[in-house]
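So the structure is just underneath, and the comments pick up after that.
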Amino acid sequence: MNKVEIVASLAERTGLTKQEAEKAFDNLFDILIESLAEGEKVVVSGFGTFEVKERKAREGHDPRTKEVIHIPPIKAATFKPGKVLKEKVR
């Protein structure tokens, strides 16, 4: 399912126009992204938890040259599914 299909389904279920549903969808994800960018954890009960975790710096190997390279620390968004989501997907 892609964004267009989600927006159409949201519009149908809520009685909103497709434009209104798309605006609501976009705003929801803008809020989620802004919260994660600020380092906040976002918990949606029954669905899951989004949070930013920092990966430590480490040494790696270039697969072509076998040379040792330094991989800098990075922040990555993670998602942990909630109980209800896990049960529905099974």
Which atom pairs, one a donor and one an acceptor, fall under 3.5 Å between side chains of residues 4-19 and the rest of the protein, sequence neighbours left out?
{"from": "Glu5", "atom 1": "OE1", "to": "Asn2", "atom 2": "N", "distance (Å)": "2.9"}
{"from": "Thr14", "atom 1": "OG1", "to": "Leu10", "atom 2": "O", "distance (Å)": "2.7"}
{"from": "Thr14", "atom 1": "OG1", "to": "Leu16", "atom 2": "N", "distance (Å)": "3.3"}
{"from": "Thr17", "atom 1": "OG1", "to": "Glu20", "atom 2": "N", "distance (Å)": "3.0"}
{"from": "Thr17", "atom 1": "OG1", "to": "Glu20", "atom 2": "OE1", "distance (Å)": "3.4"}

Sequence neighbours excluded, the answer for side chain to side chain donor-acceptor pair (under 3.5 Å) partners of Lys3 is Asp26
With the 4.5 Å side-chain cut-off for hydrophobic clustering, are Leu28 and Phe47 part of the same group? yes
Are Ile33 and Val44 linked, directly or through other ILVMFWY residues, by side chains that come within less than 4.5 angstrom of each other? no
Salt bridge (charged side-chain N to carboxylate O under 4.0 Å, His left out) partners for Lys23, two or more places apart: none
Contacts under 3.5 angstrom, residues 76-90 side chains, donor-acceptor by atom type, not counting sequence neighbours:
{"from": "Thr78", "atom 1": "OG1", "to": "Glu51", "atom 2": "O", "distance (Å)": "3.1"}

Would you be so kind as to tabulate the donor-acceptor pairs closer than 3.5 Å made by side chains of residues 54-68, with sequence neighbours excluded?
{"from": "Asp62", "atom 1": "OD1", "to": "Arg64", "atom 2": "N", "distance (Å)": "2.9"}
{"from": "Thr65", "atom 1": "OG1", "to": "Glu67", "atom 2": "N", "distance (Å)": "3.3"}
{"from": "Lys66", "atom 1": "NZ", "to": "Pro63", "atom 2": "O", "distance (Å)": "3.2"}

Can you tell me how far the CD1 atom of Ile71 sits from the CD1 atom of Ile69, to the nearest 0.5 Å? 5.0 Å
Closest heavy-atom pair and its distance - Leu36, Val52: O-CG2, 3.3 Å
Which ring-ring contact (aromatic ring centres under 6.0 Å, His included) pairs, counting each pair once, include a residue from residues 12-36, with sequence neighbours left out? Phe25-Phe29
